[in-house]
Structures are given as C-alpha cells and as structure tokens.
Amino acid sequence: MPAITLPDGSVRAFDGAVTGTEIAAAIGPGLARAALAMEVDGAEWDITREISEDASVKFITRKDDAALELIRHDTAHVLAEAVQALYPGTQVTIGPAIENGFYYDFGRNEPFTPDDLPAIEAKMREIIAANIPYHREVWERADAIALFEARGERFKAELIRDLPGTETITIYRQGDWFDLCRGPHMRTTGDIGGAFKLTKTAGAYWRGDHRNPMLSRIYGTAWRDQKELDAYLHQIEEAERRDHRRIGKEMDLFHIQEEAVGSVFWHPKGWKLYRTVEAYLRRRLEAAGYEEVKTPQLVDRKLWEQSGHWEKFRKSMFIAEVVDEESTLALKPMNCPCHVQIFKQGLRSYRQLPLRMAEFGSCHRFEPSGALHGIMRVRAFTQDDAHIFCTEAQITPETVKFVALLSAVYKDFGFESFAVKFSDRPDVRAGSDEVWDRAEGALKEACEIAGVSYTLNPGEGAFYGPKLEFVLRDAIGRDWQCGTLQVDFVMPERLDAEYVTSESSRARPVMLHRAIFGSFERFLGILIEQYAGRFPLWLAPVQVAVATIVSDADDYALEVAGLLQAAGLNVVTDLSNQKINAKIREHSITHVPNILVVGRKEAEDRSVALRRLGGAAQEVLPLEQAIALLRTEALAPDLR
RNA sequence: GCCGACAUAGCUCAGCGGUAGAGCAACUGAUUCGUAAUCAGUAGGUCCGCGGUUCAAAUCCGCGUGUCGGCACCA
C-alpha cells in the first residue's frame with residue numbers, strides 16, 4: 001500500500017506496487033503524456049519502474065532542466081546503437097552527458113573521421129523515429145560479464161568487473177540493442193526529439209590514461225527543441241568570432257611562427273596593450289607592499305637539482321650549453337629558486353616578514369606540442385610571479401590580502417566572477433600530516449574570511465603544499481587557470497632559507513607562491529576574448545583616431561593629434577584621400593574607441609566632432625574640452 | 001606525446017591530375033567628399049618542406065614541420 005507524496009504535498013495511496021506511468025496517469029492525462037522520468041526520494045528513476053513503498057515522487061518533463069541531461073544521455077545511447085549498426089565490430093565503452101551535449105567513446109582500429117558523421121546522424125534519426133521503448137534489466141555480475149565478453153566487448157566487461165560490489169548491475173535495452181548503464185532513461189528513443197547534432201570526432205584514452213589504448217570519440221550536442229539547438233550553434237559561432245587568435249591578427253597585435261613555436265612575436269599595438277597591463281599591475285603590487293626584483297634567465301643545473309625541479313621536470317626544461325664549458329645551464333622554468341637566493345642574501349629577521357618579492361619573470365617550459373594553444377599556452381611566457389616569505393601564522397592573513405588584491409584586479413579588467421578550486425594533499429607528498437593539516441586549515445580559513453566559495457580538487461595539490469586556483473573562462477567556454485596561491489614548506493627547506501626569530505633562534509619561513517594573471521600571455525589572450533577586441537579606453541592600443549574630411553584640415557588634424565599625444569593618449573591620424581564614411585568604417589573595424597572628425601568647420605572654430613565606437617551620434621566639442629575629457633576617461637581604474 | 005583534420009597572394013577562401021583564381025588589404029592615378037566601403041588601374045604566389053607515382057602534380061602517395069579540434073600533460 002505505497003503512499004506517494006507529490007511535490008505539492010498531496011499524498012496518493014495505491015493498492016500495490018505502482019509504476020511512475022500509472023501514478024502520472026492517475027494524476028491526469030496531460031502529465032501522463034509529458035512525464036519522461038521521475039525523481040523518487042531525490043533519485044532519478046525510469047518512469048516505468050515500480051514503486052512498492054512509501055515515497056515522494058516528482059515527475060520530470062521536458063520543461064525541467066533535468067530533462068536536458070536525460071535527452072543527452074539517451075542520445076549517446078542512440079549514437080552507440082547507430083555506430084554498431086553501421087560499423088559492426090566496433091566496441092562500446094562509455095558515453096556520458098556533458099555540458100551542452102554528450103560524447104561516446106568507441107573501441108575501433110580505424111578511428112572515425114568527420115566524414116562519417118552524416119551517415120551516423122541519419123541512422124540515429126531513424127532509431128529515434130522508430131520510437132523504441134527502453135527496458136531496464138537487473139543482471140548478476142558474472143552473467144553480465146559473460147554477456148559482453150561473448151560479444152567481444154572487452155571494455156564493457158572490464159567496466160563491470162571494476163564496479164564496486166554494492167552496485168546493482170543494470171542493462172538497458174532499446175529494441176535488440178543494449179548497453180550497460182546505470183540509467184535512468186526516458187520512455188522511448190522518440191522522447192529525444194530531433195534537436196541534436198554530431199559535432200566532432202576526437203581521440204581519447206581509455207579511462208583517461210595515456211598508457212591505455214586510444215579510443216575514437218564522437219561528440220554531439222543535444223537540446224530540448226530546435227530553438228535551443230539553434231541558439232547554441234549561434235552562440236558557438238559568436239564565440240569563434242572573438243577568438244584571441246583571430247582578433248590578434250585582425251587588430252595586428254601579435255603573431256607566432258614556425259621558427260619560434262610557442263613564443264609570441266608582439267607587434268607594436270599588442271606590445272602597447274601588454275605594457276599598459278604590466279604598468280597597471282606594477283602599480284597595484286607596489287601599493288600592496290610588494291618589492292619587485294629581476295632574476296637571471298640562465299641558471300646552473302645545480303640550483304635546479306637542489307630545488308628538486310631537475311629530477312621532476314628535467315624533460316620539459318630548455319638546456320643551454322656552451323662549447324668548452326663544463327657547466328650545464330637551464331632556462332628557468334620558474335622563479336622561486338632565484339627568489340630564495342635573494343632572500344638568502346644576508347641574515348633575515350622575523351621583523352622583515354612577510355616579505356613579498358615580485359617579478360615579471362620570463363620563463364620557458366617545453367610544453368607538449370599538443371598543449372600549445374594560441375598565446376594561452378606557450379613555451380616562453382612571463383609570469384606575474386611573487387613569493388611571500390612569511391611565518392605559518394601569516395598564511396591566513398596574507399592569503400586574505402592576496403584574494404582581495406586578485407579580486408580587485410580581475411574586477412578592473414571586467415571579470416566580476418571567477419571560479420576557485422581548492423587542491424588538497426596528493427598521495428605522494430612531502431611533509432608530515434600535521435603540517436598539511438595546518439596548511440590546509442590556514443587556506444580554508446582564509447577563504448572563509450575572504451568570503452570566497454570554492455570547489456574541492458581532492459589530491460590535486462602540489463607535492464609541497466595545498467593550493468588555491470583561480471579560473472577564468474574563455475570565449476569558447478574553456479576554463480583557464482590564471483591566478484594561483486600555493487603554500488610551500490619544502491622549497492625553503494631544500495634551498496636552506498631561514499630567518500632569525502624574536503627569540504634569536506633560526507626558523508624556516510613558509511613560502512607562498514602566488515600569481516594573479518598566471519602568465520601575461522594567457523591573461524592577455526583571455527582579455528582579448530573578454531572584450532572581443534573592443535577594449536575599454538585605458539587598455540585600447542589605439543585610443544583615438546583623428547580623421548579629416550578635407551585636406552584643408554590636415555594641419556589642424558596634426559595639431560590635434562600632437563596635443564592628444566602630449567596628453568598621454570595613443571593616437572593615429574588619418575589624412576588619407578578617402579571619404580569620411582570609409583575612414584569611419586576602417587577605424588570602427590579595428591575597434592578604435594574614439595574617432596575625432598575634423599573638417600573645415602572644426603578647423604575654423606578649433607573644435608572636434610567626437611564619435612564613439614559603435615555609436616551613431618557625434619558630439620562637437622571645443623578642442624581643449626575634448627582633450628581633457630579623453631584624458632580623464634583614459635585613466636587606468638587604479639588612477640581614477 | 002597520442003588520435004583526427006587542415007596547410008594556395010598580407011587576410012578570408014575557391015580550384016582537387018592538363019599553363020595558378022576571387023574578394024578585401026597594398027600600390028598608382030583621378031576624386032576634396034560631413035559620420036561604417038568613391039572610381040579606374042597596377043602589382044603581388046618555390047600552391048608548407050622533402051621525396052615518390054605520372055607524359056603531366058597545388059591536386060594522388062609517403063615522410064617531415066606547423067596549425068586546428070580533442071585526449072593526456074600543466075612545477
């Protein structure tokens with residue numbers, strides 16, 4: 001006699017075990033048609049499953065966000081069936097729903113290519129049109145393994161073998177085809193609808209491990225209706241338009257070429273942007289009590305051996321050797337050992353702590369070729385690095401200060417929100433558990449005080465200490481770690497850094513490794529995408545274009561440009577023999593924020609016609625007033 | 001590094017066995033014009049590199065390099 005509690009609080013009693021389908025029908029024919037699946041006491045179930053005991057039930061219909069995940073998961077199953085129908089002998093593995101869609105990994109000698117997708121998609125539409133019901137079956141582990149092994153599905157058999165003993169093993173059938181799956185699924189393949197699209201093929205390692213065979217992955221996107229799908233596809237197109245690699249070319253900011261893979265050639269406008277950002281951060285750091293240093297590029301391997309980097313990262317270090325010299329030098333992959341060398345000059349006192357040592361440090365790492373991505377992931381980069389030498393008691397207050405600084409900086413660049421990840425102790429680590437307890441505790445406490453919420457990355461900390469990662473998202477939805485703060489008890493020990501305590505004894509400082517941008521290259525890439533090249537005035541590499549209407553205004557235009565330049569603005573003049581429409585268009589396309597139009601009239605009254613990027617209106621201002629206005633507007637946020 | 005795709009003028013791309021093309025940009029000339037494209041002309045290419053197949057290769061095949069999409073990696 002199960003009593004079913006519904007979301008509105010009402011309770012319905014049934015005579016015996018009852019399926020979701022029956023409950024929905026009892027409530028009304030509309031719900032019976034719309035209900036795709038249900039939540040039973042918070043867990044998602046197939047609607048066809050029987051409920052034999054009292055429970056709260058909530059039905060999932062197409063309107064619910066939960067339906068999206070069901071649709072995507074079901075679509076992945078249909079993809080697998082279609083692939084096995086078209087390419088017999090292909091092995092199935094896993095096919096989860098992901099953000100915006102789904103994928104399925106197949107075991108196959110010949111990988112799929114984009115050319116295969118139309119045929120697969122057509123087959124999928126057939127399966128969906130056939131409106132085949134899903135059936136859930138519970139299996140014994142050994143039987144399930146035997147079932148898949150008999151069909152040559154060794155990946156599935158391995159998955160079942162590795163499932164925890166407590167797990168109920170379920171198989172879902174759709175017609176003759178079936179797959180190992182935890183479920184739940186919707187009622188029929190027809191519930192998927194038609195709003196899906198296979199998007200790309202890719203290679204992916206079995207179980208995400210590079211020592212395993214590579215599988216052939218097919219990605220797709222799936223939505224509740226065509227409108228949602230179209231909106232998503234449109235959004236992807238828009239995002240591609242703001243890709244930093246495209247805008248970098250269009251705005252003539254930088255390029256990369258074969259002879260210096262993974263290194264950036266900054267062009268004048270890009271370098272202007274870089275220097276503006278650098279100057280801003282330098283002011284922020286000085287105001288926050290940091291001292292800037294500069295340390296060597298080439299450092300003897302002995303120092304890297306001592307720090308432990310040689311052993312761990314030797315393969316991704318660039319080595320420099322000189323004929324007839326014994327020593328081996330390495331291009332520094334990071335700055336910390338160098339900063340410790342500065343710290344160690346002379347005897348340090350506890351009174352000097354916390355000591356905040358900053359460097360815009362040029363570093364080189366031989367990143368794997370497949371990791372390179374525009375200017376976001378390069379082999380030669382500049383970290384906005386700093387190390388805070390402090391006592392253990394200072395970890396929390398210093399972290400709070402850092403989070404405040406980082407938040408303020410991100411905000412000045414238009415990032416109101418960012419994700420924070422907390423990575424705690426890895427399996428292989430240095431230091432005792434007590435030390436780790438204290439370090440993790442200190443970071444967590446700092447997060448609470450600073451009011452930042454984080455997601456936990458268990459076991460992802462560095463071997464020397466826990467860390468916070470600050471993640472920004474690029475235009476195409478990819479996440480990039482920019483900021484970081486890492487607690488380090490190991491480096492001071494290895495490199496023998498110490499200070500004199502108030503009791504006149506010697507103690508090891510704690511080092512906090514921290515960065516806000518991570519690397520200038522990455523941050524600038526994200527910045528370009530954030531603004532799609534339409535930078536706020538203070539960042540724009542060209543802030544004003546002075547464009548003439550007639551050549552009689554040339555002399556005046558040059559004078560205007562000269563005065564703007566003297567006021568500290570980045571100016572170009574356009575005296576070319578073109579119509580004003582063409583000039584406006586040209587400078588608008590390159591995202592120049594302000595165009596000052598001057599013709600005979602302006603030259604006579606010593607005024608300018610100010611046109612803002614994207615605006616239709618113009619404003620005629622006296623020259624002096626326009627200069628004062630633009631100069632104020634162009635101030636960096638920290639100088640306002 | 002692994003899987004796949006791609007590499008043609010400064011840029012975006014077409015051509016896919018038979019003497020290398022377009023638009024934009026550039027350059028020259030004319031035009032002096034009031035807020036997103038004035039007109040005409042000119043010039044521009046080891047078709048990524050090296051090999052091979054062929055009477056003939058940008059086009060087909062192999063190797064290399066790079067880029068792109070993923071995976072793995074990211075001190």
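Each chain gets a letter, A, B and so on, in the order its sequence line appears, and its residues count up from 1.
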Within residues 204-214 of chain A, those residues having any heavy atom closer than 4.0 Å to RNA chain B are A:Ala204, A:Tyr205, A:Gly208, A:His210, A:Met214
A:Pro593 and A:Val542 have their tightest heavy-atom pair at CD-O, 3.1 Å
Please state whether the rings of A:Trp271 and A:Trp266 are parallel, tilted or perpendicular, taking 30° and 60° as the class boundaries.
tilted
Taking the six-membered ring for Trp, are A:Phe517 and A:Phe520 parallel (under 30°), tilted (30 to 60°) or perpendicular (over 60°)? perpendicular
Every protein N/O within reach of nucleotides 5-7 of chain B N/O, cut-off under 3.5 Å:
none

Taking the same atom, [atom1], in [N] and in [M], what whole-Å distance lies between them?
| N | M | atom1 | value |
| --- | --- | --- | --- |
| B:rA26 | B:rC68 | C1' | 28 Å |
| B:rC16 | B:rG21 | C1' | 14 Å |
| B:rA36 | B:rG23 | P | 25 Å |
| B:rC61 | B:rG18 | P | 15 Å |

Within the 4.0 Å heavy-atom criterion, would you say [X] contacts the bases, only the backbone, or no part of the nucleic acid?
| X | value |
| --- | --- |
| A:Lys601 | base |
| A:Ile549 | base |
| A:Ala547 | nothing |
| A:Arg217 | sugar-phosphate |
| A:Gly374 | sugar-phosphate |
| A:Tyr219 | sugar-phosphate |
| A:Gln486 | sugar-phosphate |

Any side-chain N or O of A:Arg478 under 4.0 Å from OP1/OP2 of B:rG69? yes
Review point. Given B:rC68, is OP1 or OP2 found less than 4.0 Å from the side-chain N or O atoms of A:Arg246?
Key: no
Stacking here means centres under 5.5 Å and planes under 30°; does A:Phe313 stack on B:rA75?
yes
Side-chain donor/acceptor of A:Ser316 to base of B:rA75, under 3.5 Å:
yes
query = Do any N or O atoms from the side chain of A:Asp384 and from the backbone of A:Ile516 form a donor-acceptor pair under 3.5 angstrom?
reply = yes
Atom CG of A:Asp243 and atom P of B:rU12 are separated, to the nearest Å, by 12 Å
Protein heavy-atom contacts under 4.0 Å, written 5' to 3' over nucleotides 40-46 of chain B as B (base), S (sugar-phosphate only) or - (none), form the string -------
